[in-house]
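Input: a single structure, listed below in structure tokens.
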Amino acid sequence: MAEQMNPQAAAALDRLRAIALALPAANEKRSHGMPAFFISKGKMFAYFWHHYHGDDVTAAIVKTSGADEQAMLIEMDRDLYYRPPYFGPSGWVGIHLDRPDLDWDQVGDRVAISWELVAPRRLLEAGGR
């Protein structure tokens, strides 16, 4: 929960929030005690994960096109991407936000791709992001 976050995790959440809420029709609500980002009243496209069930992970969890893309991302950079509990079997991927060399543009791209995967046609046709 936010009150238990260290300064690095709080800063990561602030950056993730800014990226997610800049997307069309995006909003935030809490899910299982953590911030989650949805399109209007629709589907979730990003989730902030911090020290959940005592793990030592601060991450963004985003949708992929499926298991093949998830596996490709993890294989491409095992230090950045991982298969998160609960979300992983559905093809979502975790992005470690606690790396000192984190490329926030890359995080923004993955969040935007996740948004595009759940966005309704009307938003995509209106120009998307």
Side-chain angles (χ1 to χ4, degrees):
M1 301 255 255
E3 57 272 17
Q4 299 170 338
M5 274 191 239
N6 61 42
Q8 293 83 5
L13 173 56
D14 288 345
R15 291 195 71 175
L16 178 63
R17 179 179 282 132
I19 290 166
L21 294 179
L23 295 165
N27 62 47
E28 176 182 341
K29 70 178 185 179
R30 291 185 83 70
S31 176
H32 298 89
M34 290 289 155
F37 302 93
F38 293 80
I39 294 178
S40 299
K41 296 178 184 167
K43 297 182 178 185
M44 182 171 62
F45 66 91
Y47 184 79
F48 180 74
W49 182 283
H50 176 68
H51 202 65
Y52 197 70
H53 291 305
D55 68 12
D56 196 23
V57 176
T58 300
I61 311 240
V62 296
K63 188 169 182 59
T64 67
S65 60
D68 289 343
E69 183 180 21
Q70 178 198 58
M72 185 259 322
L73 289 168
I74 293 168
E75 181 65 27
M76 183 178 72
D77 190 345
R78 291 184 185 280
D79 291 332
L80 179 61
Y81 298 106
Y82 73 101
R83 188 173 190 262
Y86 311 110
F87 294 89
S90 298
W92 291 60
V93 70
I95 306 169
H96 287 284
L97 299 179
D98 47 9
R99 290 177 48 165
D101 60 342
L102 184 62
D103 180 347
W104 279 98
D105 289 337
Q106 186 177 8
V107 173
D109 287 344
R110 292 305 321 171
V111 170
I113 290 166
S114 184
W115 179 92
E116 290 170 349
L117 288 168
V118 303
R121 182 179 309 222
R122 68 180 167 73
L123 285 177
L124 293 172
E125 289 174 353
R129 55 179 166 133

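These numbers were taken from a predicted model, which means no experiment stands behind them. Computed from heavy atoms alone, side chains included, the values below leave out hydrogens, waters and symmetry copies. Here, residue 1 is the first one in the sequence, and each next residue gets the next number.
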- request: Only counting residues at least two apart or in another chain, list the ones meeting salt bridge (Lys or Arg N to Asp or Glu O under 4.0 Å) with R99.
  value: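 D77, D101.
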Does the side chain of [Y] come within less than 4.5 Å of [X]'s, by heavy atoms?
X   : Y    : answer
D14 : R17  : yes
F45 : I113 : no
L21 : E28  : yes

task: Could you check F87, W92, F37 and say which one makes a ring-ring contact (aromatic ring centres under 6.0 Å, His included) with Y47?
output: F87
Tell me the closest heavy-atom pair linking [X] and [Y], and the distance in Å.
X    : Y    : value
D56  : H51  : CA-ND1, 4.0 Å
L97  : A12  : CB-CB, 4.0 Å
A26  : A20  : CB-O, 3.2 Å
I39  : A119 : CD1-CA, 3.3 Å
G42  : F38  : O-CD2, 3.3 Å
L123 : A25  : CD1-CB, 3.7 Å

Name each donor-acceptor pair under 3.5 Å that joins a side chain in residues 57-68 to protein atoms two or more places apart or in another chain, with its distance.
from, atom 1, to, atom 2, distance (Å)
T58, OG1, H50, ND1, 2.7
T64, OG1, G66, N, 3.2
T64, OG1, G66, O, 3.0
T64, OG1, G91, O, 2.3
S65, OG, E69, OE1, 2.8

message: Has W104 got a side-chain atom pairing as donor or acceptor with I19's backbone, closer than 3.5 angstrom?
response: no
- request: Please confirm whether the backbone N or O of G88 pairs with a side-chain atom of Q70, one donor and one acceptor, at under 3.5 Å?
  value: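 Such a contact is found between Q70 side chain and G88 backbone.
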message: Let me confirm one number: the CD1-CG distance from I95 to D98, rounded to the nearest 0.5 Å.
response: 12.0 Å
Please list, one pair per line, the donor and acceptor atoms closer than 3.5 Å that link side chains of residues 78-86 to other protein atoms, with sequence neighbours excluded.
from, atom 1, to, atom 2, distance (Å)
R78, NH2, E75, OE1, 2.6
Y81, OH, Q106, NE2, 3.2
Y86, OH, H53, NE2, 3.4

